[in-house]
Amino acid sequence: MRVVITGGCGFLGSNLSKYFIENGHSVVAIDNLLTGRLSNVEKLFDTGKFEFIKYDVTNYIHVSGRVDAVLHFASPASPIDYIKYPIPTLKVGALGTHKALGFAKEKKAIFMLASTSEVYGDPDINPQPESYWGNVNPIGPRGVYDEAKRFAEAMTMAYHRYHKMPVRIVRIFNTYGPNMRIDDGRAVPNFMSQSLKNRPITVYGDGSQTRSLCYVDDLVRGIYKLLLSNLNEPVNIGNPYEITLLELAKTIKKITGSRSKIIFKPLPVDDPKVRRPDISKAKKYLKWEPEVDLNAGLLNTLKYFKKELCN
Ligand code: UDP
């Protein structure tokens, strides 16, 4: 296949690009480098199977030649990033999805949308199955991401129903691993860089909120399986192992051998209290489930961040 990945230089886009190339495909990455980085994909150029186009996909998209799949992964994805770039986040989720769908239709390609567990908002059921409609504050600071992705899902299903296009919607839960920016503000990079520098580890709220963290290699494998399936409706991909943020902070402090103190800071507005994917659908239809446990995944990520801090 020749696949186009929008956001191909970001955390997930770059890991996906690598996976596709390793599996014999070629990749065209489109990225405006707002939160993505060329350093994430530097090594891929040597394969001869990777092309990069610096472009903002909220505008008309054109790539010459055959395209078999369009994966729309462009978007700021960390809360501090999308709160810093609220309008680009809304635009890439809304206008960018529309342009990427139109482009996929033109190329007769399969379209995949990177959606998110944020479509469930601050959920009042736990775990969250795909059938749950969510509890999102449309006008809160996180609404710029959540509502853009909800619109993106609606637009994707409209193209599927109206234009009969093959589409895939992956609802991605918290993911971590190499190629995350150490300063992206999310819990894993924050706790790791704070631990490595023996600075205070900042737990927001009382740390009783939960998340379920998936190692990026597991996620990418699930996304690939979903793309090759025939499921046109949303599928959760994530690791159902749920822990509190305080436990995560303690785990990271321990594996880094850090002398950091754990301190408590105010909980961000609308921060979900719980989050855990129901992955029955992925298990049943994709025969997928995560394989990397939290400890192993954190150790790999630690290796990556140690190198990053030396550069
Ligand atoms: N969090 C924290 N300390 C930090 C960064 C994040 O306690 O330094 C908390 C945050 O409030 C949330 C959880 O960690 O409850 C996960 O946050 P993240 O930004 O990683 O992703 P989210 O799941 O909120 O999108």
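These values consider heavy atoms only, across backbone and side chains, with no hydrogens, waters or symmetry-generated copies. Both ligands and their constituent atoms are indexed starting at 1 by order of listing.
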Using a strict 4.0 Å cut-off to heavy atoms of [X], name the atoms of ligand 1 that fall inside it.
X      : value
Gly185 : 5 (C)
Arg275 : 22 (P), 23 (O), 25 (O)
Pro79  : 19 (O), 24 (O), 25 (O)
Gln209 : 9 (C), 11 (O), 15 (O)

From Thr202, Asn174, Thr175 - option closest to atom 4 (C) of ligand 1 by heavy atom: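 Selected option, by shortest heavy-atom distance: Thr202.
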Could you check which of Val274, Val203, Asn190, Ile80 puts a non-hydrogen atom nearest to atom 8 (O) of ligand 1?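 Heavy atom nearest to atom 8 (O) of ligand 1 belongs to Asn190.
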The test is side-chain hydrogen bond (donor to acceptor under 3.5 Å, both in side chains); show your working for Asp122 and Asn135 and say whether it passes. CA-CA 6 Å; Asp122 185 4; Asn135 175 36; 5.0 Å; no
Polar side-chain atom of Ser258 near backbone of Ser195 as donor-acceptor pair, under 3.5 Å: yes
Under 3.5 Å, is there a donor-acceptor pair linking the side chains of [X] and [Y]?
X      : Y      : value
Glu42  : Asn40  : no
Glu242 : Thr210 : yes
Thr35  : Asp81  : no

So for [X], does at least one of its heavy atoms come nearer than 4.0 angstrom to any atom of ligand 1?
X      : answer
Glu118 : yes
Ser78  : no
Gly205 : no

Among all protein heavy atoms in this structure, tell me which lies nearest to [atom], with the distance rounded to 0.1 Å.
atom                    : answer
atom 24 (O) of ligand 1 : Arg142 NH2, 2.9 Å
atom 14 (O) of ligand 1 : Leu245 CD1, 3.1 Å
atom 18 (P) of ligand 1 : Ala187 N, 3.8 Å
atom 15 (O) of ligand 1 : Asp271 OD1, 2.6 Å
atom 23 (O) of ligand 1 : Arg211 NE, 2.6 Å
atom 5 (C) of ligand 1  : Tyr204 CE1, 3.3 Å

Salt bridge between Glu308 and Arg181, side-chain N to carboxylate O under 4.0 Å?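 Salt bridge absent between Glu308 and Arg181.
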Ring geometry between Tyr224 and Tyr19 (parallel below 30°, tilted from 30 to 60°, perpendicular above 60°):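 Taking Tyr224 first and then Tyr19, their aromatic rings stand perpendicular (interplane angle over 60°).
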Can you label the angle between the Phe45 ring and the Phe52 ring as parallel, tilted or perpendicular, going by 30° and 60°? perpendicular
Is the count of non-hydrogen atoms from other residues, nucleotides or ligands lying under 6.0 Å from Lys253 atom NZ greater than 12? yes
If you count heavy atoms of other groups shown closer than 6.0 angstrom to CD of Glu247, is the number above 12? yes
Within the 4.0 Å heavy-atom cut-off, what Ala249 brings close to ligand 1 is neither
